[in-house]
Amino acid sequence: MKNDLLIRWPRALALSAACIALPFAANAQAEPADAAPPCQAEDPAVTTFMAGVAHDLLDPESNFTHQSIMGAPELATLQEGEKYRQKNDWAYVCKYKDANAGLSGEPAPKVVFMGDSITEFWTVGDADLFTDGVIGRGISGQTSTQMVARFWQDVVALHPTAVHIMAGTNDLAENTGYVRDEDYKNNIRAMAAMAQSQDIIVILASIPPAKSFGWRADIKPVERIVMLNQWLQDYAEEIGGIYVDYYADLVGEEGELQADYTHDGVHPQRLGYAAMHDDAVAAIHNAVAKAEN
């Protein structure tokens, strides 16, 4: 799952390039009105820098803090790319464009994990999970609204057996503005409906616990997380989907993400992902079994 990357932290964790609108020469032929801006190649320095950030964020033994990267020149470069992307590719459909194209002619994925930074970093934090046809399509900082906008190309068009949807952290953090509970629910309904229209099994993941957000310390999401997770569980049952309760795996006594599982109270590190692993595997197995029946 942003006006300022130094404030809206999940966007600062994005491990990918921005999509920008390149200026045309005065005598160049105009593009059609519906033409998409070209996707920008990633700056290698930013790639290396953010890979280091991810390594420290996921390492249980690191002393990672948000403050440790503030002022890095690579962060400023990333911020500039973010400005262009917000204007030209708000849902970041460029992120997995090449990876999706590379799947053409290959066997369809077994499960696509759709989500925000927690899903994006999951592919590194528990790489063993993302094998045998399980692929990640998480984008740091994204809300459920942005996921809806890219759901067809990043999930449906890949023809997976199942989709694992984890969304809500950045909705509650207001990364793209305040999101009403009903709007969030409608976004989940929209993704589920698109999937089921193509006979894709739906796995709905709980919103992970968080007592606050480092980039929005004024927001206290504990009660809304509990309420929305109950709705996700009920809705999964209603539509014949699968609900997976990572919240129970990770939560502390006050609704926080347990300190042993995180550096920043929002993103799991490797021990957090390890605590989620068995439930993720069970959800995948259940989805495949459901598809075969």
Side-chain angles (χ1 to χ4, degrees), residues 1 5-16 42-79 113 115-132 134-136 138-142 164 166 169-170 173 205-217 221-222 225 244-284:
M1 344 208 166
L5 288 180
L6 302 183
I7 296 175
R8 297 194 177 280
W9 169 246
R11 272 307 196 190
L13 295 179
L15 301 179
S16 46
E42 186 160 356
D43 185 320
V46 172
T47 302
T48 300
F49 170 73
M50 295 312 298
V53 171
H55 177 274
D56 290 344
L57 181 73
L58 292 168
D59 182 1
E61 302 301 323
S62 79
N63 295 318
F64 176 84
T65 65
H66 296 177
Q67 291 73 23
S68 64
I69 69 165
M70 298 308 179
E74 295 88 352
L75 202 58
T77 302
L78 189 65
Q79 183 176 3
F113 274 54
D116 52 32
S117 57
I118 295 171
T119 297
E120 183 172 2
F121 289 115
W122 204 341
T123 63
V124 181
D126 185 7
D128 289 344
L129 181 65
F130 293 86
T131 57
D132 191 26
V134 180
I135 64 174
I139 297 183
S140 181
Q142 285 212 331
H164 177 286
M166 178 184 279
T169 294
N170 295 313
S206 63
I207 302 171
K211 192 173 181 180
S212 63
F213 308 111
W215 63 102
R216 283 300 304 270
V222 171
I225 291 175
V244 54
D245 189 5
Y246 302 117
Y247 181 90
D249 296 332
L250 302 173
V251 70
E253 294 182 356
E254 298 181 357
E256 80 281 9
L257 179 51
Q258 291 186 50
D260 289 345
Y261 292 154
T262 183
H263 288 298
D264 66 359
V266 175
H267 298 89
Q269 34 90 324
R270 291 186 189 277
L271 294 180
Y273 286 122
M276 300 160 65
H277 180 91
D278 288 349
D279 280 338
V281 170
I284 292 168

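- Under the salt bridge (charged side-chain N to carboxylate O under 4.0 Å, His left out) criterion, no residue pair touches residues 52-67, with sequence neighbours excluded.
- In terms of the side-chain contact (heavy atoms from CB on, under 4.5 Å) criterion, residue partners of His277 (sequence neighbours excluded) are, by chain and number, Asp126, Leu129, Val281.
- For Thr48 (side chain) and Ala45 (main-chain N/O), no donor-acceptor pair under 3.5 Å exists by modelled atom type.
- Looking at every heavy atom in both residues, Leu58 comes nearest to Gln269 through O-CB, 3.3 Å.
- Legend: residues meeting side chain to side chain donor-acceptor pair (under 3.5 Å) with Tyr246, ordered by chain and number and at least two apart, are His164.
- The line from CG of Asp128 to OH of Tyr273 is 14.5 Å long, rounded to the nearest 0.5 Å.
- Applying the side chain to side chain donor-acceptor pair (under 3.5 Å) rule to Asp132 yields the partners Lys110; only residues at least two apart in sequence or on another chain are considered.
- With a 4.5 Å cut-off on side-chain heavy atoms, His55 and Ser62 do not count as touching.
- The two residues Thr169 and Pro208 have their closest heavy-atom pair at OG1-CD, 3.9 Å.
- Closest approach of Trp122 and Ala280 over heavy atoms only: CZ2-CB, 4.0 Å.
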- prompt: Can Phe113 and Thr123 be said to form a side chain to side chain contact (heavy atoms under 4.5 Å, CB included), step by step?
  reply: CA-CA 9 Å; Phe113 274 54; Thr123 63; over 6 Å; no

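- Note: His267 and Trp215 have tilted aromatic rings, judged against thresholds of 30 and 60 degrees for the angle between ring planes.
- Nearest approach of Pro209 to Gly255, heavy atoms of both residues: CB-O, 3.6 Å.
- Partners of Thr262 according to the side-chain contact (heavy atoms from CB on, under 4.5 Å) rule, which considers only residues two or more places apart in sequence or in another chain, are Leu257, Asp264.
- Pairing each heavy atom of Phe213 with each of Val266, the nearest pair is CD2-CG2, 3.9 Å.
- Partners of Asp245 by side-chain contact (heavy atoms from CB on, under 4.5 Å), not counting sequence neighbours, listed by chain and number: Ser206, Tyr243, Tyr247, Ala248.
- Minimum heavy-atom separation, Pro221 to Ala210: CG-O, 3.3 Å.
- The backbone N or O of Val251 lies less than 3.5 Å from a partner atom in the side chain of Gln258, making a donor-acceptor pair.
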Margin query: As a quick check of understanding, evaluate side chain to side chain contact (heavy atoms under 4.5 Å, CB included) for Arg270 and Val124, giving each step before the final call.
Written below: CA-CA 9 Å; Arg270 291 186 189 277; Val124 181; 4.1 Å; yes

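- Every residue meeting the side chain to side chain donor-acceptor pair (under 3.5 Å) condition with Glu254, not counting sequence neighbours, appears here in chain and number order: Lys211.
- With rounding to the nearest 0.5 angstrom, the CE atom of Met166 is 4.0 Å from the CE atom of Met276.
- Shown here are the side chain to side chain donor-acceptor pair (under 3.5 Å) partners of Thr77, two or more places apart in sequence or in another chain: there are none.
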